[in-house]
Amino acid sequence: MSQLFLKLVFGGALALLSAAPAVAANDLVIGVDSNMPHLDPANTNDTLSQSVERTMYQGLFGFDKDMKLIPALAEKVDADETATEFTFHLRHDVTFHDGTPFNADAVKVNLERVMNPENHLSRRSLVSMVSHVDVVDPYTVKIVLSQPFGAFVNNMAHPGTFMISPKALAQYGKDIATHPVGTGPFKFVSFAADTVKTTKNEAYWKPGLPKVDGVTFKSVPENGSRFAMLQTGEAQFIAPLPAELVKAAQGIPTLNVVISPSIIVRYVALNNMKKPFDDVRVREALNYAVDKEAFTKIVFSGYAAPLDAPIPPKLAFYAKQGEWPYDPAKAKSLLAEAGYPNGFSAELWGATSTLAKRAMEFLQQQFAGVGVKVTVAPLEAGVSTAKLWNVQKPEDATMQMDFSAWSSSTGDADWGLRPLLDSKSFPPNLFNIAYYHSADADKAIEAGLASADPDKRAVAYAQAQNIIWKDAPWVFLSVDQLIAGESKRLSGVYYMPDGGILTEEAALK
Amino acid sequence: MSEAAIGTVRIRSPLGEFWRRFMRRRVALFAGVAILVLVLAAIFAPWIAPYDATTPDYGNVLSGPSFAHLAGTDVFGRDIFSRIIWGGRVSLTVGFVSVALGCAVGMALGVVSGFAGGFLDSLIMRFCDVLLAFPGILLAIAVVAVLGPGISNVVYAIAVFSMPVFARLVRGSTLALKETVYVQAARSIGVRALPLIVYHILPGTLPGVIVYLSLRIGTSILTAAALSFIGLGAQPPSPEWGAMLSDGRSYLGVADHLTVFPGLAIFVTVLAFNLLGDGLRDALDQKLR
């Protein structure tokens with residue numbers, strides 16, 4: 001009896017002891033939905049790894065929580081009239097985690113590494129227009145481009161051009177991917193594909209930051225388990241929180257549900273070179289045929305907004321175009337005018353995810369309402385790569401309609417328009433699977449890139465968006481909203497419009 | 001044996017004997033009635049189903065079971081009860097057609113194999129061994145992967161993996177029947193191979209085939225639902241049960257009726273076919289007689 005009593009007391013004390021540090025801990029744990037393959041920013045293609053890299057690395061510029069361009073390691077930048085020369089003035093008070101000073105030489109080493117084709121880094125396209133990098137003085141660096149590129153500063157804010165310690169680059173070579181050394185608020189501790197640990201950088205150049213002792217990213221792909229981590233306090237932030245679980249999360253008093261706008265757009269690309277989609281009246285009809293409000297309600301449980309321009313509101317140089325209202329009667333009369341009084345049949349492609357299938361089924365119902373009989377074909381990733389992106393000539397394309405999504409991670413209108421809608425971007429070069437070709441739109445898109453002057457660029461992109469909106473190369477659908485869950489103890493963690501996570505200002509109480 | 005003794009035995013026809021035995025198995029009888037109801041519901045779906053299976057109602061999505069919608073509505077506001085009734089057409093058709101196809105080909109191969117013997121027998125049986133070496137669902141996935149997704153290809157896929165089982169079964173019976181006195185007698189009076197097979201051997205293989213047929217239909221409905229669940233079978237907006245289950249999966253815990261009712265439909269149907277199969281086996285088994 002007394003032994004049992006002792007065991008109980010002892011066990012209870014142990015439990016208290018082990019529970020105590022968890023309550024007092026100032027470490028932030030973030031639950032995410034997939035693995036982090038590696039941490040070389042210049043070779044990263046997934047938003048999640050970029051989020052992890054952001055804890056340790058920084059670029060000359062950066063993005064704030066609304067994806068607005070902000071200075072980071074550079075204090076300011078001067079650009080010439082033709083957008084071919086960019087002079088960055090660097091901060092004087094920054095050192096890398098290994099003690100190496102950050103200066104113009106470090107910038108040159110980093111950019112030349114990404115530019116060098118022999119390094120085979122996937123983010124080379126961000127600097128492929130750079131001719132050479134000149135060190136003007138220890139804290140001034142001039143980047144000379146071989147052609148005008150107005151969105152260049154955005155490229156210098158993209159994670160692909162984050163600054164890595166030159167000493168660490170020399171020391172680790174390719175292994176830098178698993179030994180990150182940057183200038184960021186957190187220092188690297190350990191790496192595994194499903195868990196990355198970092199600790200506070202005591203010498204961080206921004207005063208008063210960071211406020212937490214470290215950030216850990218844990219990959220938990222199963223929705224229910226990830227949500228459970230948040231409920232039990234194992235994680236203080238989880239992203240994404242599936243729309244279906246929002247109601248459950250809102251019922252828990254210790255949690256906040258954070259809903260924020262994204263730059264992820266959804267649309268149906270129509271093959272503008274194929275009958276019947278080569279007729280603008282047919283493309284208009286299809287835009288009138290879809291109830292966008294119902295689309296967001298059914299497909300995204302309401303967590304999305306109808307698209308009102310070819311690019312989303314959170315992208316620089318977005319210009320609102322209004323809407324394609326839901327008007328089946330008008331759609332039918334347009335189809336009749338175009339010579340399809342009884343509609344037509346077509347195939348709608350898309351991904352195999354639950355969400356894509358739900359969206360395609362919804363579109364099938366909507367198009368049926370105006371007499372267009374659509375067969376839904378969810379394509380496995382390998383198949384869609386072959387059938388959409390690897391097509392060599394426009395006339396070989398078999399795609400009629402494709403339910404697509406795009407997120408421009410440079411935060412700029414250029415990457416939201418040019419790869420998808422410029423006539424020089426037909427596959428296999430870039431991603432214009434709609435084979436949209438308009439000389440006027442091309443001119444406007446290219447004018448936007450030919451200047452670094454924000455006013456001139458705004459005019460060009462407004463014109464481009466207007467032309468594209470009227471030509472209706474796509475059925476314009478919606479912009480996603482991002483949903484995350486966080487503990488009420490947490491503040492200062494932001495879910496960015498491109499799906500990235502910012503942790504610099506994180507604080508726990 | 002005296003004349004009087006024979007007089008006391010009532011001679012029943014084989015069919016009558018089967019009925020007498022089958023009627024005694026209450027569970028199987030009940031399963032048979034359940035299947036009959038399912039089949040009738042599927043045939044008369046347009047008149048029985050209270051709503052159309054594919055017409056959406058965006059004003060009434062994910063609502064729970066009520067008098068207006070007995071099994072609730074799905075994410076598009078479609079009536080789940082109506083979809084299950086219409087879905088019965090798909091599932092039962094796939095079950096019957098695929099197994100019938102596999103059975104027809106399998107019986108033909110089996111009887112030829114058993115009757116001819118020798119090299120042909122080895123060839124057919126090794127071919128069946130190869131097919132049997134794969135787990136059924138894996139073979140079906142492989143076949144659908146080659147032919148492309150779609151419910152008609154699922155029928156072929158299931159037929160392919162049902163075929164070798166029937167071939168083996170029929171070959172076994174054929175080997176035994178070949179040596180029976182009545183077949184030997186038919187042979188000795190000069191009945192040729194084809195009539196011999198069709199009139200004297202095949203009918204003898206039927207009891208085993210019928211039992212296996214009913215068991216196999218249950219399996220094939222389950223396989224078709226599984227293939228649709230992973231997106232290889234029925235394509236939207238077809239109200240196939242497995243596809244409905246898959247659609248409802250992401251709403252588990254929020255709107256459970258999306259998965260409970262299609263799941264129940266699959267469960268009841270497959271169970272009914274299996275119980276019927278068991279009952280038929282007991283009623284037809286020569287050894288239990």
Side-chain angles (χ1 to χ4, degrees), chain A residues 222-225 227-228 231 240-251 290-302 326 328 347-369 373-383 387 403, chain B residues 51-64 73-80 83 86-87 141-142 144-154 227-240 242-259:
Chain A
E222 211 282 310
N223 286 339
S225 315
F227 183 51
Q231 282 177 291
L241 177 71
E244 298 92 26
L245 288 174
V246 168
K247 266 199 193 127
Q250 280 167 338
V290 179
D291 183 348
K292 286 86 182 174
E293 292 289 342
F295 178 81
T296 59
K297 179 180 150 193
I298 303 293
V299 181
F300 292 94
S301 307
Y326 176 51
E347 205 169 70
L348 172 63
W349 294 356
T352 53
S353 68
T354 316
L355 182 120
K357 283 199 268 189
R358 202 187 300 151
M360 287 153 73
E361 200 171 345
F362 176 84
L363 291 166
Q364 184 183 45
Q365 294 162 5
Q366 296 277 291
F367 293 144
K373 287 165 284 298
V374 164
T375 321
V376 163
L379 302 183
E380 189 266 321
V383 179
K387 287 190 168 184
F403 174 66
Chain B
Y51 299 88
D52 184 76
T54 53
T55 309
D57 175 6
Y58 304 132
N60 187 19
V61 299
L62 298 176
S63 59
T73 60
D74 70 1
V75 63
F76 298 108
R78 300 176 298 203
D79 182 58
I80 292 177
R83 284 179 69 74
W86 279 96
I141 289 175
V144 175
V146 172
L147 297 176
I151 202 73
S152 53
N153 291 341
V154 166
L227 288 172
S228 294
F229 185 84
I230 57 176
L232 294 174
Q235 298 301 315
S238 167
E240 208 274 339
M244 288 171 73
L245 208 58
S246 171
D247 288 344
R249 188 177 37 155
S250 47
Y251 295 92
L252 267 178
V254 183
D256 290 330
H257 61 276
L258 261 59
T259 41

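So that the names make sense, note that chain A is the first sequence line, chain B the second, and so on, each numbered from 1.
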Shortest non-hydrogen contact from B/Y251 toward A/I298: OH-O, 4.3 Å
Pairwise side-chain contact, A/Q365 with B/R78, heavy-atom cut-off 4.5 Å (strictly under): yes
Partners meeting side chain to side chain contact (heavy atoms under 4.5 Å, CB included) with A/E347 (sequence neighbours left out): A/W349, A/T375, A/A377, A/Q400
Proximity of residues 51-58 of chain B to chain A, residues having a non-hydrogen atom under 4.5 angstrom: B/P56, B/Y58
Atom CD of A/E293 with >12 non-hydrogen neighbours under 6.0 angstrom: no
B/D247 vs A/E361 side-chain heavy atoms within contact, under 4.5 Å: yes
Per-residue contact mode, A/K247 against chain B (heavy atom under 4.5 angstrom): neither
Proximity breakdown for B/V61 and chain A, heavy-atom pairs closer than 4.5 Å: side chain
A/R358 versus B/V75, closest heavy-atom pair with distance: CD-CG2, 3.9 Å
Choice from A/K297, A/K357, A/M360 maximising heavy atom contacts with chain B below 4.5 Å: A/K297
Contact winner vs chain A - B/G59, B/G231, B/P237, heavy-atom pairs under 4.5 Å: B/P237
